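Here is the structure we will look at, set down as structure tokens.
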Amino acid sequence: MSARRLLLWTLVVLWSPAAWAEIPGFTISKIEGLNGVELDDDRFATTPSATNWPAHKVNYRDCLAYLGISEGQSLAEPDAEGAEVVEADVVEADVVETVEVTDAASTDVPADAATETATDAGTDGAGGGGGDTAEGIRKISIEWSVANPSLAGRKWWYSIRTGTGCSESAEVDAEATETCTYLRQKTELVGYELYTLEIPVTRLLGTECTKGSTGDARVYFTVQAESNFNERDTDTVTVDYDYDPPKAVQTPTLEAGETNLQASWTDESNTEDVTYTVYWSPDTFDDDTLSNVESKGDLTAKDYQITGLENGTRYWVAVAALDDFDNPSTLTDRVDGTPVEVTDGFEFYKNAGGTDKGGFGCAMGDTGAASAAVLLLVALALLATFAGARRPATRRGA
Amino acid sequence: MKRLVVLLACLLAPAAAHAESPKNVNLEFKVATWYVPAVDSGTFAINPATASPYTPYDDVFGGGSFLLFQARADYLFYSGVFGTAAGGGGLGYGQKSGHGYLSDGVTRATDSTTLHQLPLDFGVLYAYDWLAHNYSIPVVPYGRFDFVYDFWWFTNGVGDTSSYDAPDGTSSDGYGGTWGYRLAGGVRLLLDVFAPAMARTFDVDFGVNNSYLLVEYVWSKVDDFGSSKSIRLGDEGYVNFGLAFEF
């Protein structure tokens with residue numbers, strides 16, 4: 001290879017940024033549920049300041065809640081248009097996007113486009129596949145912006161897609177497929193704006209929650225310069241879902257102590273990382289009544305001392321494992337135990353005739369007073385010696 | 001004449017290079033082995049099961065020793081031909097756990113119970129180290145006398161500090177402090193003699209003049225100077241092992 005050709009190759013490689021690099025300055029500022037969807041921010045981070053950002057996890061119970069269905073139910077399938085057609089007007093059904101102009105003077109966008117660009121459509125539920133509430137279709141709203149697009153006098157475009165078949169390297173106007181549809185077709189990027197994308201929950205989670213399934217749903221944000229293939233970047237928002245609960249642990253054993261029960265159990269079924277929650281109550285309980293039961297969660301050890309109990313009262317105890325999506329296993333069998341009175345070390349000492357009453361009062365008396373006085377005098381003498389001593393500045397050493 | 005000056009310079013140079021930093025503080029880290037508090041030497045009721053007095057420490061904690069970790073700092077107020085004298089104080093911590101009893105007084109409970117001790121001490125130290133520093137004899141005999149204030153507390157099965165309610169309605173706290181004193185004698189092994197170059201580096205980099213291994217035999221009486229109303233935490237014979245540094 002000639003030196004000239006090598007130089008040319010080097011220039012080409014250096015000149016071409018990765019086609020699917022992250023979008024410079026791309027920011028998700030807020031995610032929220034709409035129309036009855038209450039995102040559980042323990043798992044589903046909703047702002048970049050959240051400690052669990054950027055994790056957006058959905059467990060089985062979340063799925064049911066977000067879709068607004070009960071266990072075993074599913075929503076109606078999306079209608080034919082919503083499911084199949086990839087034409088922009090139809091595919092964007094239910095997807096509403098607004099643009100708020102934060103600095104209108106800095107853009108060339110017409111005023112009407114700047115206040116709200118919406119693909120309409122969808123408040124009637126077409127293509128949403130159900131999930132409607134009195135307020136409307138259950139949705140998740142994503143507020144996003146590109147902080148510093150280098151407009152440089154050129155037009156920039158963006159599009160938003162979702163589906164299992166989407167590619168991060170696709171162009172801003174790549175053809176939609178059955179497995180990758182547009183939430184927002186190629187649209188001009190107006191600059192330093194705040195965009196809000198509203199997505200029906202069913203577009204991310206489907207129409208039912210199938211126990212045992214796991215995976216993720218991604219929303220692809222692609223930004224591309226006009227007529228320049230290389231100036232294109234894609235960022236994704238990933239929603240992970242896991243509806244596969246851990247296995248139940250072995251039934252715990254209890255050891256009764258004073259105002260406490262020591263529960264311990266084994267777990268040979270779960271190989272993934274799980275934590276444990278211990279439930280206890282004076283009344284028996286089951287999976288459906290756990291909300292009325294005291295509990296301690298986030299345990300990594302396979303034992304736990306339940307404290308604050310009443311001696312002589314019978315308590316029921318059960319344990320569940322939780323995976324990192326907080327899916328709970330089924331409860332173990334309930335076992336019972338009764339805290340008992342225990343004589344601890346100090347009580348034993350006192351019962352045996354020990355005379356120390358504790359506390360920090362001066363017990364010196366009887367035979368001890370004279371010795372104490374003498375020793376105190378010795379101490380004072382030592383202190384006086386210490387205070388008056390003058391030692392040489394340097395020492396001989398090793 | 002010029003040669004004589006060069007010769008003198010050569011002779012004096014090593015001495016200058018070996019000059020030590022000032023030495024003011026003795027720092028010790030040590031652990032007591034075979035320490036058994038003399039709780040059971042107090043006067044106790046007769047255990048009907050054995051027809052001999054109760055021995056609470058033995059009955060609950062199984063007797064035996066536990067490790068008592070200690071740190072101590074002394075100010076060196078004399079160092080010379082008669083050795084080194086210092087005064088200072090320190091603190092330690094140790095604990096011994098066992099199991100309580102159920103209400104029948106015989107059956108052991110699964111609940112643990114623990115005796116904690118945190119002794120504070122202050123006193124004087126004397127070490128005859130002149131030979132070690134001047135004739136490289138690495139063994140330094142020493143002795144010390146300390147007053148001790150031994151904080152103690154018992155905890156029950158849930159980690160709470162114990163308390164006791166007597167049948168007559170009076171109550172006692174499961175914590176307190178007991179005065180006493182302690183005598184110790186031992187030997188220190190001056191490590192600098194075995195690795196003088198390293199010792200010099202230690203001094204230059206950290207200001208540590210001398211490093212010792214130590215072993216000492218300790219006799220202590222911690223019972224509020226003979227009070228019959230105090231728990232006894234002394235031990236008339238245990239051994240400390242540790243390290244000492246002079247700064």
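In what follows, every heavy atom counts, from backbone to side chain, and hydrogens, waters and symmetry copies are set aside. Numbers restart at 1 for each chain; the letters A, B, ... are given by sequence-line order, proteins then strands. As the structure is a computational prediction, the values presented were derived from the model and not from experiment.
How far CG of A:D356 is from OG1 of B:T178: 5.5 Å, rounded to the nearest 0.5 Å. Note: B:S163 OG to A:K350 NZ = 11.5 Å, rounded to the nearest 0.5 Å.
Summarising the geometry of B:G157 relative to A:Q305, their closest heavy-atom pair is O-NE2, 2.7 Å, with the distance given to 0.1 Å.
Contacts from residues 318-347 of chain A to chain B, taken as heavy-atom pairs separated by less than 4.5 Å, involve A:V340, A:E341, A:V342, A:T343, A:D344, A:G345, A:F346, A:E347 in sequence order.
Side-chain atoms of A:N260 never come within 3.5 Å of backbone atoms of B:V158 as a donor-acceptor pair (strictly under, hydrogens ignored).
Residue B:L115: no heavy atom, backbone or side chain, is found under 4.5 Å from chain A. Both the backbone and the side chain of B:Y164 come within contact range of chain A, judged by heavy atoms closer than 4.5 Å. Neither the backbone nor the side chain of B:T114 comes within contact range of chain A; no heavy atoms are under 4.5 Å apart.
Ring geometry for A:Y349 against B:F44 counts as perpendicular: the plane angle is over 60°, on a 0 to 90° scale with 30° as the lower cut.
Interface check for chain A: of the options B:L102, B:T155, B:D129, B:T170, the most heavy-atom pairs under 4.5 Å are formed by B:L102. If you tally non-hydrogen atom pairs under 4.5 Å between each of B:Y57, B:F61, B:W153, B:F151 and chain A, the highest count goes to B:F151.
Looking at B:Y149 and A:F360, their side chains come closer than 4.5 Å, going by heavy atoms from C-beta outward.
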